[in-house]
There are 2 protein chains.
Amino acid sequence: MANNFRFKPLLEKIKNEIKKHGYKITGPRLAIIEFLIHTEGHPDIDDLYSEVSKDYPGIGVATVYRTMDLLRQLNLINTLELPEGRQRYEIILPEDHHHHLVCMECKRIVEFGNCNFKHLVEDIESSTRFKIYSHSTVAYGLCPHCSASS
Amino acid sequence: MANNFRFKPLLEKIKNEIKKHGYKITGPRLAIIEFLIHTEGHPDIDDLYSEVSKDYPGIGVATVYRTMDLLRQLNLINTLELPEGRQRYEIILPEDHHHHLVCMECKRIVEFGNCNFKHLVEDIESSTRFKIYSHSTVAYGLCPHCSASS
DNA sequence: ATACCTGCAAAGTCTTTGCAACATG
DNA sequence: CATGTTGCAAAGACTTTGCAGGTAT
């Protein structure tokens, strides 16, 4: 697996974070977290449920929802808001600020790292008097394949 | 109404767009569109349903959903994807490219106009080979009021 | 031993759909 | 008057919740 190198330290960090807050490391949680660390994709609840079921048969959907809530509360995952009407998730890697490009045709999701938003923060903070903590950008377009075939 | 000046030409443009595509101007549609043009907010389906019911009693929720689908297909409204799990809408004004700032505490939504994304488009297009057509940024923070009281 | 956690099924919420009556162009 | 549109209610999709039994620490 390409990203295996990131596996152990990240997994340990996540487990510690969970324990630190008084929650427990359980089979279903581990299976979900390991899947999230390994996958290159941006799974939704259904993807998680069906994929994790392979490692952990018998897991219930409710557990998947509850685990994702927990991970989000602990700031261990990001939630992607796309126009699909459901959420997709990705594990947060340290030092990996990126955004997403979505193909309007085939729905493929690609990450991109260039982000110059930080240059704007001061401007926006002074014009709106908000204190900004985070941001998320989604760009829409056509992927190479779909743009060739249209 | 502060934005009355924008009302007539925009309304005409929208009506024409609807007719041009073979759809009809009906009472419920007009009531929804007029509300969207007048409001300063970012209503969700429920807001629309209850507000528009005042002008047009008896309207059904299904009609609100269907009208918003139509307006989105014709590119007359923007959909805001926020972590609330439901969509919010805004009418598209010509020459008004902006993004949104959301207060994490009180959920207030504020628009900001600074956007330097266009400088990145070429970079992203060449590194990903996508053709980009639009983008949307949401920043999260604390509004002046909430940041004072915390 | 004591929280916490799980799967299940039921309940809840939000959105879509089928349909007969109606309205627009 | 042909075609699109509407409100309603039912169906569908997705998410949350209550609970009794199970499990991590």
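Below, read A as the first sequence line, B as the second, and so on, with proteins coming before strands; counting in each chain starts at 1.
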B:Arg66/B:Thr63 under side-chain contact (heavy atoms from CB on, under 4.5 Å): CA gap, chis, key distance, verdict: CA-CA 5 Å; B:Arg66 289 185 284 224; B:Thr63 299; 4.0 Å; yes

Between P of C:dC14 and CG of B:Asp69, the distance in whole Å: 17 Å

So the contacted stretch of DNA chain D, first to last nucleotide with an atom under 4.0 Å from a non-hydrogen atom of chain A, runs from D:dC14 to D:dT25

Under 4.0 Å, heavy atoms only, any strand: does B:Tyr23 hit a base, just the sugar-phosphate, or nothing? sugar-phosphate

Rounded to whole angstrom units, what separation is found between the OH atom of A:Tyr65 and the C1' atom of C:dG12? 13 Å

Would you kindly give the OH-to-P distance between B:Tyr89 and C:dT15, to the nearest whole Å? 7 Å

Report which part of the nucleic acid B:Arg29 touches: base, sugar-phosphate, or nothing (heavy-atom distance under 4.0 Å, all strands). sugar-phosphate

Determine whether any donor atom in the side chain of B:Lys24 lies under 3.5 Å from an acceptor atom in the base of C:dA23, or the reverse, and answer yes or no. no

Residue pair B:Ile45/B:Ile25 against DNA chain C: nearer the 5' end by closest nucleotide is B:Ile45

Under the 3.5 angstrom rule, does the side chain of B:Ser126 hit a backbone N or O of B:Asp123 as a donor-acceptor pair? yes

Given atom NZ of A:Lys19 and atom P of C:dC5, what is their separation to the nearest angstrom? 13 Å

Please give, in whole Å, the distance from C:dC14 P to B:Arg66 CZ? 19 Å

Would you confirm whether A:Asp55, through its side chain, and A:Val52, through its main-chain N or O, come within 3.5 Å as a donor-acceptor pair? no

Any base atoms under 4.0 Å from A:Tyr49, or only sugar-phosphate, or nothing? Heavy atoms, all strands. nothing

Between P on C:dT15 and CZ on B:Arg72, what's the gap in Å once rounded to a whole number? 10 Å

Judged by atom type as modelled, is there a donor-acceptor pair below 3.5 Å linking the side chain of B:His42 to the main-chain atoms of B:Arg88? no

So B:Tyr23 and B:His21, would you call those rings parallel, tilted or perpendicular, with 30° and 60° as cut-offs? parallel

Around atom OH of A:Tyr140, are there more than 12 heavy atoms from other residues, nucleotides or ligands closer than 6.0 Å? yes

At under 4.0 Å between heavy atoms, what does B:Gly58 touch on the DNA or RNA strands: base, sugar-phosphate, or nothing? sugar-phosphate

Distance-only, no hydrogens or angles: does the A:His98 side chain make a donor-acceptor pair with backbone N or O of A:Asp96 under 3.5 Å? yes

DNA chain C: 5'-proximal contact among A:Tyr56 and B:Asp46 (nearest heavy atom): A:Tyr56

In whole angstroms, the gap separating C1' of C:dC4 from CG of A:Leu30 amounts to 16 Å

Rounded off to whole Å, could you give me the CD-to-P distance for the A:Glu84 and C:dT16 pair? 14 Å

